[in-house]
Amino acid sequence: MSASTAFTAAIVPAAGLGTRFLPTTKAVPKELLPVVDTPGIEYVAAEAAEAGAERLIIVTSPGKDAVAQYFQPRPDLEKTLADRGKAALLEKVRRAPGLLAVETAIQEEALGLGHAVGCAEPNLRPEDEAVAVLLPDDLVLPTGVLARMAEVRAAKGGTVLCAFDIPRAEISAYGVFDVEETGDPDVKKVNGMVEKPPADQAPSTFAAAGRYLLDRAIFDALKRITPGAGGELQLTDAIALLISEGHPVHVVVHRGGRHDLGNPGGFLRAAVDFALDHPEYGPSLQAWLRERIGSQ
Ligand code: UTP
């Protein structure tokens with residue numbers, strides 16, 4: 001199996017409560033909030049497709065049907081736009097359904113990220129030896145890290161995660177990897193993981209990001225862990241169990257940018273960042289921001 005075909009299924013867990021976006025998330029899933037005009041989950045689906053995924057398994061919850069609906073074609077709307085000669089809008093409307101085949105798995109109750117990933121197991125096919133997991137509230141820029149992770153799995157086997165090199169002063173906000181060198185400065189072997197350590201006790205400055213290339217063994221490990229932090233089944237606990245049993249786990253250090261769409265502050269940054277690059281909205285937003293900040 002070549003690196004580019006290391007996985008054909010990608011799981012996007014989108015069944016969380018989104019409490020940091022309340023009250024909006026009473027009615028609107030946070031995964032559909034627009035970064036300028038496009039929901040974060042579309043960027044993540046496009047990243048999965050670019051990395052070779054053919055199937056996207058969205059883990060959703062009762063009441064969040066709109067997330068999967070977003071990936072369905074809208075022939076009625078397409079016809080209206082076509083009749084009106086709105087080619088650019090038509091392309092936008094068709095983009096998400098055209099990316100890859102979308103299916104859903106239901107997580108009845110938000111019992112944690114590990115539990116959400118486990119809910120997707122029945123969607124896997126016998127040939128899926130590994131599966132990618134992409135968190136829809138984490139934009140990893142530029143895209144391409146999953147392809148690199150697939151190369152590392154092809155070379156070293158097992159499970160491959162994504163890390164960012166974070167300044168030590170900020171490290172205590174993250175899950176941090178305990179690593180050893182491999183000879184490639186961007187690939188480390190993982191010996192363990194610590195959640196939110198004090199800066200002076202952090203085992204490294206490599207923090208976990210929301211991209212995973214998981215060996216299928218993870219599903220067995222998920223059945224053997226017990227609820228951890230917050231009473232939730234944690235994906236990192238299942239990965240730690242695999243490490244303790246000798247399963248190879250590596251990280252690829254992504255030397256790029258990132259936006260955390262999971263809280264309003266990070267989401268606004270992403271929106272401003274994308275809007276500043278937008279040909280229609282960028283120039284006037286920049287002028288307005290300068291004036292707004294200048295008048296503080
Ligand atoms: P988060 O913890 O960032 O999302 O989980 P959340 O729980 O929805 O948000 P807050 O903390 O209440 O504001 C990361 C991703 O995992 C999914 C979320 O939907 C999000 O995309 N998730 C989390 C699930 O699918 N199920 C869960 O039980 C927990």
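Counting starts at 1 for both ligands and their atoms, in listed order.
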Q) Apart from Val93 itself, what residues make up its hydrophobic cluster when side-chain heavy atoms of I, L, V, M, F, W and Y under 4.5 Å apart count as a link, directly or indirectly? A)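 When side chains under 4.5 Å apart are linked, the cluster holding Val93 also contains Leu77, Leu81, Leu89, Leu90.
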**Q.** Phe21/Phe267 aromatic ring centres below 6.0 Å
**A.**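 Yes, ring centres under 6.0 Å apart.
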Q. Are side-chain N/O atoms of His115 and Gln107 paired as donor and acceptor at under 3.5 Å?
A. yes
Q.
Has Arg55 got a side-chain atom pairing as donor or acceptor with Thr8's backbone, closer than 3.5 angstrom?
A.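 Side chain of Arg55 to backbone of Thr8, a donor-acceptor pair under 3.5 Å: no, none is there.
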Q) Has the side chain of Thr182 got a donor or acceptor atom that lies under 3.5 Å from a matching backbone atom of Val187? A)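 Such a contact is found between Thr182 side chain and Val187 backbone.
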Q) Do Asp273 and Arg269 sit within salt-bridge range, that is, some charged N less than 4.0 Å from a carboxylate O? A)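 Answer for the salt bridge query: no.
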**Q.** Under 4.0 Å from ligand 1 - residues by heavy atom, chain and number
**A.**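 Only Pro13, Ala14, Ala15, Gly16, Leu17, Gly18, Thr19, Arg20, Lys30, Glu31, Gln107, Ala110, Leu111, Gly112, Leu113, Ala116, Pro136, Asp137 have heavy atoms that fall under 4.0 Å of ligand 1, ordered by chain and number.
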